[in-house]
Amino acid sequence: MRLSRYFLPVLKENPAEAQIVSHRLMLRAGMIKQQAAGIYSWLPMGFKVLKRLEQIVHEEQVRAGHIPLLMPTLQPADLWRESGRYDDYGQEMLRIKDRHDRDMLYGPTNEEMITDIFRSHVNSYKDLPLTLYHIQWKFRDEVRPRFGVMRGREFLMKDGYNFDLTREDALHAYNRHMVSYLRTYERMGLTAIPMRAASGPIGGDNTHEFLVLADTGESEVFYDARVPALKLGDRAVDYDNREEVAGICEEFTTLYARTDETHDEAVYAEVPEEHRKVGRGIEVGQIFYFGTKYSESMGATVVTPDGSRVPVEMGSHGIGVSRLLGALIEANHDDKGIIWPEGVTPFHCGIVNLKQGDTGTDAACEGLYKALRDLGLDPLYDDRDERAGAKFATMDLIGLPWRITVGPRGLANGVVELTSRRSGESEEMSAAAAVARIAQIYDGV
RNA sequence: CGGAGCGUAGCGCAGCCUGGUAGCGCACCUGCUUCGGGAGCAGGGGGUCGGAGGUUCGAAUCCUCUCGCUCCGACCA
């Protein structure tokens, strides 16, 4: 993309309403525009990152054997009357009437609807196990939306639902989700720690929340310092292998890690003192096993091998996709702006032309731009007629992890400059070498 | 939902107390000079002061109502 033809309305000054750094940077970097309290338009670059996160979530869900579908944002109230949650959910649910005066609602989640789909089409144990998920906009009419997309009223969420015959099968689904989530966050360059959680209104006994450590997090967290160092890495996981999947879960949940809701001083005291850490975290996902809570109230049953009919075992699992953007920035920024991890960056690298209009630098930049694109990479070429300082400031603000700087001074020596946004370190090399390096960095990302 | 505050140009703000017909910085447009970390000079465009009502000869300013937004606390992906 050529910046002169893109739509990237960056702000030089901090918008007054944004208090936390991710909100401020998303506004300044021209990623979002607020339309109402907790409701945002996603401008091109914000939308690009959001789509990238969505894609990673999809890939990891499919890898785990889960099946995508799409349910609507608007739902009939009757489904929720059946489960009993229409009255329970309270004012957080946005209720709407259509022209025929029918009660509708903007879905805050989809347990009822997925259960309805299931019971309409599945009757036999032979169709199990089954895990369906979608990535769809939700609405929860929060009393006090804040922190930009981290606590919006409208938000994009991946929610998945497993249907199993037995409790053991359902717990395997639970574990499968935990591992797929670990992998998802890791690909995004985030360290998200599974922590035992309280169940909340969705209900259920087994539940973990995934927390990204950040000073601005809303939850207080207590954990063993060795937990954030745990990595899934690129090990191959057979998601159908129960022992293997359970083993990974054990690996990641044995050491102490809890939020203030489930914190237990007595257990925490057993953690060696030098490993005890207290901090703050942003919740970016949660997994639940809730058994037959919805299948019983809504009649989602299957016929077993012996001919009897039993309610299915279920769980639901969510990732706050739009919130992840905020969490990513909270975890990856400095005083100049965002620092995108390679896995989620909106553009692979930036090209800064220090002397726009100069035949030599223009040609060198065009050459780089074409070479990178020919390799399937997506560079952002700052071809605006701006001064060097302005271009550098924009690049730092929007946080592309790599920048190639092209100026007459370097070109006279046959070199361009490759700079890491994260470390700030620069290296001079030929244009061809810079292209090769970028390609190598993104190989396999 | 309790408490506090803010709405004046695209963004950041001053003016309001003490009414007299709107200003500053950035951004934008034009020209010249600049050009390796948010340039300088000169000129220019843009605001029914959130909305409605009231007081007054006169309202951004005072009064009433209303809408929106933010922050602090209790609740949540």
Side-chain angles (χ1 to χ4, degrees), chain A residues 9-20 23-24 27-28 30 33-39 57 89-93 107-110 135-160 181 192 197-202 207-212 217-219 259 261 281-288 316-327 336-337 352-358 361 382 384-397 403 405-412 415-417 419 424 426 428:
Chain A
V10 300
L11 305 174
K12 209 161 164 181
E13 287 173 282
N14 283 321
E17 75 271 15
Q19 293 303 309
I20 66 163
H23 189 196
R24 220 161 43 224
L27 290 166
R28 285 199 52 205
K33 166 159 178 23
Q34 180 168 337
Q35 304 292 169
I39 299 176
V57 171
Y89 221 91
Q91 289 203 285
E92 256 191 37
M93 181 186 280
T109 176
N110 286 68
I135 298 177
Q136 177 62 292
W137 292 94
K138 307 286 188 290
F139 195 93
R140 295 185 191 173
D141 202 357
E142 299 271 348
V143 208
R144 191 185 155 206
R146 64 190 121 164
F147 304 150
V149 300
M150 297 241 285
R151 177 171 297 291
R153 290 192 293 174
E154 188 184 47
F155 58 96
L156 186 63
M157 178 169 139
K158 172 264 164 182
D159 44 323
Y181 280 22
S199 69
I202 295 184
T207 174
H208 280 84
E209 290 177 337
F210 291 79
L211 280 291
V212 170
E218 290 192 85
S219 319
T259 66
E261 287 180 324
I282 301 164
E283 188 190 337
V284 293
Q286 187 158 12
I287 53 178
F288 292 96
S316 76
H317 318 276
I319 292 180
V321 180
S322 48
R323 172 181 284 189
L324 270 171
L325 260 107
K336 292 179 186 164
V352 169
N353 185 341
L354 290 177
K355 195 166 184 181
Q356 204 70 44
D358 176 272
T361 53
D382 190 345
R384 295 172 303 164
D385 187 18
E386 286 283 350
R387 299 162 59 88
K391 291 190 177 187
F392 288 141
T394 298
M395 281 294 170
D396 288 344
L397 175 62
R403 183 184 85 207
T405 310
V406 181
R409 197 187 292 171
L411 286 181
V415 297
V416 298
E417 199 175 270
T419 307
S426 292
E428 294 194 331

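Within every chain, numbering begins at 1; the chains are lettered A, B, ... in the order of the sequence lines, protein sequences first and strands thereafter.
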Tell me which nucleotide, if any, is Watson-Crick or G-U wobble paired with [N] when both distances must be under 3.5 Å.
N      : result
B:rU21 : none
B:rA14 : none
B:rA39 : B:rU33
B:rC62 : B:rG54
B:rG2  : B:rC72
B:rC49 : none
B:rA27 : none

Expressed in angstrom and rounded to an integer, what is the separation of [X] atom [atom1] from [N] atom [atom2]?
X      : N      : atom1 : atom2 : value
A:H23  : B:rC11 : NE2   : P     : 13 Å
A:K33  : B:rC11 : NZ    : P     : 8 Å
A:D382 : B:rG36 : CG    : C1'   : 14 Å
A:N353 : B:rC35 : CG    : P     : 16 Å
A:E417 : B:rG36 : CD    : P     : 13 Å
A:F147 : B:rC71 : CZ    : P     : 7 Å
A:R409 : B:rG36 : CZ    : P     : 7 Å
A:L411 : B:rG36 : CG    : C1'   : 12 Å

With a non-hydrogen cut-off below 4.0 angstrom, is [X] in contact with a base, only sugar-phosphate, or nothing?
X      : value
A:E13  : base
A:N14  : sugar-phosphate
A:L11  : nothing
A:G38  : nothing
A:G318 : nothing
A:A18  : nothing

Pair of N/O donor and acceptor under 3.5 Å linking [N] base with [X] side chain:
X      : N      : result
A:R28  : B:rG10 : no
A:E386 : B:rG38 : no
A:R146 : B:rU70 : no

If only side-chain N and O atoms of [X] are considered, is one of them under 4.0 Å from the OP1 or OP2 phosphate oxygen of [N]?
X      : N      : value
A:R387 : B:rG38 : no
A:Q286 : B:rA77 : yes
A:K12  : B:rA27 : yes

Can you check whether A:F155 stacks with the B:rA77 base, using ring centres under 5.5 Å and planes within 30°? yes

Distance between the [atom1] atoms of [N] and [M], in whole angstroms?
N      : M      : atom1 : value
B:rU21 : B:rU8  : C1'   : 15 Å
B:rA60 : B:rC13 : C1'   : 15 Å
B:rC28 : B:rG46 : C1'   : 9 Å
B:rC75 : B:rG5  : C1'   : 23 Å
B:rC67 : B:rA52 : P     : 15 Å
B:rU66 : B:rG3  : P     : 15 Å
B:rG23 : B:rG15 : P     : 16 Å
B:rC49 : B:rA22 : C1'   : 8 Å

Using only atom types and a distance under 3.5 Å, with no angle test, would you say the side chain of [X] pairs donor to acceptor with the backbone of [Y]?
X      : Y      : result
A:K138 : A:Q136 : yes
A:R323 : A:E283 : yes
A:T207 : A:I287 : yes
A:R140 : A:P108 : yes
A:K391 : A:R384 : yes
A:Q34  : A:A36  : yes
A:R28  : A:N14  : no

Using the side-chain heavy atoms of [X], tell me which of these nucleotides is nearest: [options].
X      : options                : answer
A:P408 : B:rC1, B:rU70, B:rG36  : B:rG36
A:A16  : B:rA27, B:rA74, B:rC13 : B:rC13
A:L354 : B:rA77, B:rA39, B:rG36 : B:rG36
A:E142 : B:rA77, B:rG36, B:rA39 : B:rA77

Please walk me through it: do A:R409 and A:L354 pass side-chain contact (heavy atoms from CB on, under 4.5 Å)? CA-CA 10 Å; A:R409 197 187 292 171; A:L354 290 177; over 6 Å; no

Assign each of A:E209 and A:R144 to its nearest nucleotide of RNA chain B by heavy atoms, then name whichever residue's nucleotide is nearer the 5' end. A:R144

5' precedence on RNA chain B between A:Q34 and A:A390 (nearest-nucleotide basis):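 It is A:A390, whose closest nucleotide lies nearer the 5' terminus.
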
Do A:D382 and A:F392 pass the side-chain contact (heavy atoms from CB on, under 4.5 Å) test, and can you show the C-alpha distance, the side-chain angles, and the key distance before you say yes or no? CA-CA 10 Å; A:D382 190 345; A:F392 288 141; over 6 Å; no

